[in-house]
Amino acid sequence: QVQLVESGGGLVQAGGSLRLSCAASGRTFSRYAMAWFRQAPGKEREFVAAINWSGGATDYADSVKGRFTISRDNAKNTAYLQMNSLKPEDTAVYSCAAADSGLVLVTTYDYDYWGQGTQVTVSS
């Protein structure tokens, strides 16, 4: 088992930046692929970004490419999501997830462990 705890959410104006963190505890963090998903009110949870176990491969949703960057620090058991040029449509609860496979995957079904989520609100 691995436990995931997100932090770093908050209220920011359009054009601003936030960095989300996902701290993992439990089994070996470096074996897991990590991802960020988000869910806005009344909408389905959607993929945002993913990174493989080593940090050598990443993938992004088209809506965030060029604005968001996913990274990880295996020594600190933490994954990050740097969000720049934020837009009101980025407003959602952001959750991190871990996959036993270690691979970059983009659907919720591929991930085995989930955090509780952190709210990001972007005002116009």
Side-chain angles (χ1 to χ4, degrees):
Q1 280 280 23
V2 61
Q3 292 78 43
L4 304 174
V5 179
E6 302 95 336
S7 61
L11 173 64
V12 64
Q13 289 188 332
S17 297
L18 283 174
R19 188 176 81 155
L20 305 183
S21 298
C22 176
S25 60
R27 295 171 66 183
T28 308
F29 174 75
S30 60
R31 64 174 286 181
Y32 296 103
M34 300 297 297
W36 291 92
F37 290 79
R38 67 186 182 186
Q39 188 168 21
K43 294 188 176 181
E44 296 287 322
R45 181 177 284 177
E46 65 173 358
F47 170 75
V48 175
I51 188 167
N52 76 335
W53 64 276
S54 69
T58 59
D59 195 11
Y60 296 92
D62 287 344
S63 59
V64 307
K65 279 181 182 176
R67 300 189 297 124
F68 291 11
T69 302
I70 189 170
S71 62
R72 65 190 298 157
D73 186 337
N74 286 344
K76 295 183 178 179
N77 286 3
T78 303
Y80 303 97
L81 184 68
Q82 178 67 44
M83 305 186 293
N84 299 329
S85 302
L86 282 161
K87 304 175 181 180
E89 51 264 44
D90 294 318
T91 295
V93 174
Y94 284 71
S95 299
C96 67
D100 281 329
S101 69
L103 303 175
V104 172
L105 300 166
V106 302
T107 69
T108 58
Y109 303 104
D110 295 317
Y111 288 84
D112 305 288
Y113 308 100
W114 292 83
Q116 83 289 350
T118 185
Q119 176 70 46
V120 171
T121 303
V122 184
S123 63
S124 58

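Under the 4.5 Å side-chain heavy-atom criterion for grouping Ile, Leu, Val, Met, Phe, Trp and Tyr, Tyr111 is connected to Val106 within one hydrophobic cluster. Residue Leu81 is grouped with residue Val120 when hydrophobic side chains (ILVMFWY) are merged at heavy-atom distances under 4.5 angstrom, including chains of intermediate members. Leu103 and Leu4 end up in different hydrophobic clusters when Ile, Leu, Val, Met, Phe, Trp and Tyr side chains are linked at under 4.5 Å. No continuous path of ILVMFWY side-chain contacts below 4.5 Å connects Met83 to Leu11, so the two sit in separate hydrophobic clusters. Hydrophobic clustering, with ILVMFWY side chains joined whenever heavy atoms are under 4.5 angstrom apart, groups Val64 together with Ile51.
Judged by distance alone, with hydrogens and angles left aside, the side-chain atoms of Tyr60 form a donor-acceptor pair with the main-chain N or O of Ile70 at under 3.5 Å.
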>> Test side-chain contact (heavy atoms from CB on, under 4.5 Å) on Glu89 and Val122; report intermediate values, then the result.
In response: CA-CA 8 Å; Glu89 51 264 44; Val122 184; over 6 Å; no
> side-chain contact (heavy atoms from CB on, under 4.5 Å) between Val2 and Phe29: does it pass, once the steps are laid out?
Replying inline: CA-CA 8 Å; Val2 61; Phe29 174 75; 5.6 Å; no
> Would Arg38 and Ser63 count as a side-chain contact (heavy atoms from CB on, under 4.5 Å) if you check the C-alpha gap in whole Å, the side-chain angles of each, and the deciding distance to 0.1 Å?
Replying inline: CA-CA 12 Å; Arg38 67 186 182 186; Ser63 59; 3.5 Å; yes
>> As a quick check of understanding, evaluate side-chain contact (heavy atoms from CB on, under 4.5 Å) for Glu6 and Leu20, giving each step before the final call.
In response: CA-CA 7 Å; Glu6 302 95 336; Leu20 305 183; over 6 Å; no
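A pairwise comparison of heavy atoms in Arg67 and Ser85 identifies NH1-O, 3.0 Å as the closest pair. A pairwise comparison of heavy atoms in Asn84 and Ser17 identifies OD1-OG, 2.9 Å as the closest pair.
A perpendicular orientation is assigned to the rings of Tyr113 and Tyr32, their planes being inclined by more than 60° (bins at 30° and 60°). Taking the six-membered ring where the residue is Trp, Phe68 and Tyr94 present tilted rings, their angle falling between 30° and 60°.
Of the candidates Leu105, Asp112, Thr107, Tyr109 forms a side chain to side chain contact (heavy atoms under 4.5 Å, CB included) with just one, namely Thr107.
Put simply, the side chain of Arg45 reaches to within 4.5 Å of the side chain of Trp114, judged on heavy atoms. Side-chain contact between Leu86 and Gln13: absent, with no pair of heavy atoms (C-beta onward) separated by less than 4.5 Å.
Atom CZ of Arg31 and atom OG of Ser101 lie 10.0 Å apart (nearest 0.5 Å). For the atom pair Cys96 SG and Met34 CE, the distance stands at 4.5 Å (nearest 0.5 Å).
Salt bridge absent: Lys87 and Asp90 never bring a charged side-chain N and a carboxylate O closer than 4.0 Å.
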